Amino acid sequence: MIGLLLRIFITVLFVFISSGCSESAEFEEKASFREDFSSERLSVFRWGMPTFTMYNFRGDPDMVSNISGINYLRLGRSESDIYPSGFIYTKEHFTYGSYSARMKISGAPGAVASFFTCSEITNVFSDGTHDEIDFEFITAKPHAVLFTTWYMATGMEGGEQTPTHNSFIWEDPSFDIRMWHDYRFDWYPDRVDFYIDGIKRWTSTKAIPRRDMQIALHNYTIDTWEEVQFPPKGDVYQITDWVEYKKFKNTE
């Protein structure tokens, strides 16, 4: 009887380990793209810093800095209702795969920090026809993360445009955005899996992006979200150690 139970335990353990290994082995070990922010200035060939005004923020390259291998995006003070905002994005587009970043956000209320991908950064605030996957952090809610997938049609589908999105806010009193965490999402053709510190927190199966996307980091404010507690109560920093993208195996 003991021998039978031992064999069952070993079998279950093997299946568990195998399933865990297969999940972690779905993408290539070496990152196709990685940024460690080791240079004082971001490469103009790899990164863009948009300048625009939208809602209550203004993209401002002066709000972006690299110090000792860490990237800082600052949401600055303003004498008006338009706040200077740190925003960077990759000039390269990427396809299905695993996207991750190690980040923390300072605690002053009034900001939304984000790690996301978008199919067209330059058009995101103009024609609205883009795909997007987001981690967003409302600094007034330091124990929560907002996960979002977007699909916004580039043209008419079935006689009308079809903008769609799917969102879920994950909350845990033991979690704190003001501490370092690893954030990751795995983008498949039929779903997006969201992870925090290697643990899956949510899966979206709706509004899944279809177009290649750019990686972006943005620290901004907006007065139409009640949760944001606009206006900002001081300078807010989004701090990033590294960002990377890994291809899934056998996708080419």
Side-chain angles (χ1 to χ4, degrees), residues 20-39 41-50 64 66 69-73 86-105 113-124 130-137 145-152 166 180-205 207-219 238-252:
C21 291
S22 64
E23 182 173 344
S24 63
E26 288 180 347
F27 50 85
E28 296 179 354
E29 292 185 8
K30 184 177 180 180
S32 300
F33 175 91
R34 184 175 173 96
E35 177 62 72
D36 291 307
F37 303 109
S38 55
S39 300
R41 295 182 180 273
L42 292 172
S43 168
V44 296
F45 301 103
R46 300 188 96 193
W47 293 95
M49 289 179 280
V64 180
N66 287 0
I70 302 294
N71 177 258
Y72 292 80
L73 301 183
F87 191 163
I88 62 175
Y89 66 93
T90 61
K91 294 187 175 180
E92 184 178 355
H93 287 70
F94 305 94
T95 186
Y96 300 115
S98 184
Y99 297 75
S100 55
R102 181 165 178 78
M103 300 169 45
K104 67 177 179 178
I105 295 95
S114 59
F115 161 50
F116 69 103
T117 56
C118 181
S119 60
E120 290 295 339
I121 294 293
T122 56
N123 296 332
V124 67
H130 66 279
D131 293 353
E132 197 171 328
I133 301 172
D134 302 79
F135 278 100
E136 291 192 290
F137 312 89
V145 180
L146 178 65
F147 310 123
T148 304
T149 55
W150 290 86
Y151 168 69
M152 292 189 174
N166 193 24
W180 286 108
H181 296 283
D182 292 350
Y183 301 98
R184 177 182 123 217
F185 62 82
D186 295 346
W187 172 33
Y188 298 84
D190 62 342
R191 73 183 192 277
V192 177
D193 295 330
F194 290 85
Y195 295 80
I196 299 176
D197 296 328
I199 301 173
K200 187 188 295 185
R201 304 298 186 177
W202 186 58
T203 295
S204 175
T205 57
I208 305 304
R210 303 180 186 179
R211 285 158 280 193
D212 291 357
M213 297 197 286
Q214 297 163 277
I215 301 170
L217 301 168
H218 189 198
N219 187 12
Q238 177 174 338
I239 306 167
T240 306
D241 187 5
W242 50 261
V243 177
E244 72 175 23
Y245 160 74
K246 293 182 178 181
K247 293 181 179 179
F248 284 109
K249 290 184 177 180
N250 304 319
T251 58
E252 297 182 351

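Positions are given from 1 along the sequence. Remember, it's a predicted structure, so these values are computed and weren't measured experimentally.
- Judged by distance alone, with hydrogens and angles left aside, the side-chain atoms of Thr148 form no donor-acceptor pair with the main-chain N or O of Asp134 at under 3.5 Å.
- The shortest non-hydrogen separation linking Ser39 to Asn66 is O-ND2, 3.0 Å.
- Side-chain atoms of Tyr245 and Glu92 include no donor-acceptor pair closer than 3.5 Å.
- Atoms OG1 and CG, from Thr240 and Leu217 in turn, are 4.5 Å apart once rounded to the nearest 0.5 Å.
- Counting only distance, with no hydrogens or angles, the side chain of Trp187 and the backbone of Pro209 share a donor-acceptor pair below 3.5 Å.
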**Request:** Please report the C-alpha distance between Cys118 and Gln214 in whole Å, then the side-chain angles of each, then the deciding distance to 0.1 Å, and finally whether the side chain to side chain contact (heavy atoms under 4.5 Å, CB included) criterion is met.
**Result:** CA-CA 5 Å; Cys118 181; Gln214 297 163 277; 5.6 Å; no
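- The structure places OG1 of Thr90 at 5.0 Å from CD1 of Ile215, a figure rounded to the nearest 0.5 Å.
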**Request:** Could you please spell out the steps behind the side chain to side chain contact (heavy atoms under 4.5 Å, CB included) verdict for Trp242 and Arg34?
**Result:** CA-CA 7 Å; Trp242 50 261; Arg34 184 175 173 96; 3.3 Å; yes
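- Aromatic ring centroids of Tyr183 and Tyr195 lie 6.0 Å or more apart.
- Residues passing the side chain to side chain donor-acceptor pair (under 3.5 Å) test with Asn166 are Ser204, sequence neighbours excluded.
- For an aromatic pair to be called close, the ring centres must be under 6.0 Å apart, and Phe115 with Tyr99 fails this.
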**Request:** Start with the C-alpha distance between Ile208 and Asp190, add both sets of side-chain angles, then the distance that settles side chain to side chain contact (heavy atoms under 4.5 Å, CB included), and finish with yes or no.
**Result:** CA-CA 7 Å; Ile208 305 304; Asp190 62 342; 6.0 Å; no
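- The salt bridge (charged side-chain N to carboxylate O under 4.0 Å, His left out) test applied to Lys246 returns Glu244, not counting sequence neighbours.
- Between the CG atom of Asp241 and the CE atom of Met103 there is a distance of 11.0 Å, given to the nearest 0.5 Å.
- Among all heavy-atom pairs drawn from Glu120 and His130, the shortest one is N-CB, 4.3 Å.
- Under the 3.5 Å distance criterion, the side-chain polar atoms of Asn71 are left unmatched by any main-chain donor or acceptor of Phe37.
- Note that CH2 of Trp180 and CD1 of Ile105 are 9.0 Å apart. Values are rounded to the nearest 0.5 Å.
- Nearest heavy-atom pair, Ser98 versus Asp186, reported as atom, atom and distance to 0.1 Å: OG-OD1, 2.7 Å.
- For the atom pair CD1 (Ile88) and NE2 (His218), the distance works out to 11.0 Å, reported to the nearest 0.5 Å.
- Closest approach of Leu73 and Gly86 over heavy atoms only: CD1-O, 3.7 Å.
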**Request:** Test side chain to side chain contact (heavy atoms under 4.5 Å, CB included) on Tyr151 and Thr149 and set out the steps.
**Result:** CA-CA 7 Å; Tyr151 168 69; Thr149 55; over 6 Å; no
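- Taking CZ of Arg46 as the start and NZ of Lys91 as the end, the distance is 12.5 Å to the nearest 0.5 Å.
- Between Phe135 and Phe137, the two ring planes are parallel [angle under 30°; tilted spans 30° to 60°].
- Minimum interatomic distance between Ala113 and Gln238 (heavy atoms only, all atoms of both residues): CB-OE1, 3.2 Å.
- Taking both residues in full, the closest heavy atoms of Asp131 and Met213 are given as O-SD, 3.6 Å, listed atom of the first, atom of the second, then distance.
- A salt bridge links Asp193 with Arg191: the closest approach of a Lys/Arg side-chain nitrogen to an acidic carboxylate oxygen falls below 4.0 angstrom.
- A distance-only check finds a donor-acceptor pair linking the side chain of His93 to the backbone of Ser119 [under 3.5 Å].
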**Request:** List the steps and the verdict of salt bridge (charged side-chain N to carboxylate O under 4.0 Å, His left out) for Arg184 and Asp182.
**Result:** CA-CA 7 Å; Arg184 177 182 123 217; Asp182 292 350; over 6 Å; no
